[in-house]
Amino acid sequence: MSASLLLKYFPDLTEKQKEQFSQLENLYNEWNEKINVISRKDMESLYEKHILHSLGIAKVMAFAPGTKVLDIGTGGGFPGIPLAILFPEVEFTLIDSIGKKISVVQAVADGVGLTNVTAIHGRAEKLKEKFHFVVSRAVTQMPEFLRWLKGKFEKEQFNPKHNGILYLKGGDLAEELAGIKCEIFNLKHYFDEEFFDTKKVVYVSKGNFNS
């Protein structure tokens with residue numbers, strides 16, 4: 001499955017964006033040989049299971065230019081790198097506690113010429129900066145995740161949704177999200193592939209928890 005899959009759902013990509021997305025396959029293949037950031041099996045469906053999945057957030061939220069987004073536990077750069085390609089006027093900070101993974105993130109960002117990505121080796125709780133949005137892909141249970149985000153949000157708001165969290169999760173979330181005021185967007189409503197049948201984006205406004 002190739003980069004052309006993305007055009008099915010994002011037909012307005014510029015030539016530069018198409019080129020950047022198509023470069024990701026070689027870059028991840030090359031780095032995955034040295035540092036295993038994506039399972040070998042998943043490399044065959046990189047565009048579906050990692051890149052398009054990351055872009056599910058973009059179906060829920062079109063970030064305005066100047067928005068600052070933090071990707072916590074980014075691993076090999078998901079969802080941050082695909083979103084940074086799609087939103088070149090948005091600032092992305094990608095953080096992970098595993099240094100080898102952040103080395104891959106930096107190399108991939110440099111490889112496709114992204115100037116709107118900052119890669120940090122560290123823990124999100126220690127970051128001093130503030131952001132408009134926090135994105136992530138199932139790094140931990142939501143109640144624990146919310147605890148990491150105290151004091152992380154900007155007050156100014158200029159996006160279609162209030163500043164907050166956009167979290168990629170799968171499966172039955174009823175128990176995990178009990179007592180948390182949130183909106184759940186089913187990705188099967190946006191993407192046809194079977195992989196997305198149980199995948200969701202959970203949106204929590206910063207006003208709905210002690211941020």
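From a predicted model like this one, the values you see are computed outputs, not experimental measurements.
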### Task
Could you walk me through whether Phe131 and Val69 pass the side-chain contact (heavy atoms from CB on, under 4.5 Å) test, one step at a time?
CA-CA 6 Å; Phe131 302 87; Val69 179; 6.0 Å; no

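- Here Ile102 contributes atom CD1 and Ile95 contributes atom CD1; the two are 7.5 Å apart, rounded to the nearest 0.5 Å.
- Around CD of Glu194, the count of heavy atoms belonging to other residues, nucleotides or ligands within 6.0 Å does not exceed 12.
- Under a 4.0 Å N-O distance rule, the pair Glu44/Lys49 does not qualify as a salt bridge.
- Atom CZ of residue Phe133 and atom CG of residue Asn159 lie 4.5 Å apart, to the nearest 0.5 angstrom.
- Side-chain atoms of Asn32 come within 3.5 Å of backbone N or O of Val37 as a donor-acceptor pair.
- In summary, the aromatic rings of Phe185 and Tyr203 are positioned with their centroids too far apart to meet the 6.0 Å limit.
- We find that Glu19 and Lys16 are not joined by a salt bridge, their nearest charged nitrogen and carboxylate oxygen being 4.0 Å or further apart.
- In the displayed structure, His162 atom NE2 is contacted under 6.0 Å by at most 12 heavy atoms of other residues, nucleotides or ligands.
- For Lys161 and Glu183, the salt-bridge test passes: some basic side-chain N is under 4.0 Å from an acidic carboxylate O.
- Ring geometry for Phe191 versus Phe10: interplanar angle of 30 to 60°, hence tilted.
- Ring geometry for His132 against Phe158 counts as perpendicular: the plane angle is over 60°, on a 0 to 90° scale with 30° as the lower cut.
- Note: Phe78 and His50 have tilted aromatic rings, judged against thresholds of 30 and 60 degrees for the angle between ring planes.
- The pair Lys169-Glu176 meets the salt-bridge criterion, with a side-chain N (NZ, NE, NH1 or NH2) lying under 4.0 Å from an Asp/Glu carboxylate O.
- Under 4.0 Å is where a charged nitrogen must lie from a carboxylate oxygen, and between Arg137 and Asp71 no such pair does.
- Closest approach of Leu27 and Val108 over heavy atoms only: CD1-O, 4.0 Å.
- For the residue pair Tyr28/Gln23, the side-chain donor-acceptor check at 3.5 Å is not satisfied.
- Asp110 and Gln106 are linked by a side-chain donor-acceptor pair at a separation below 3.5 angstrom, with hydrogens and angles left out of the test.
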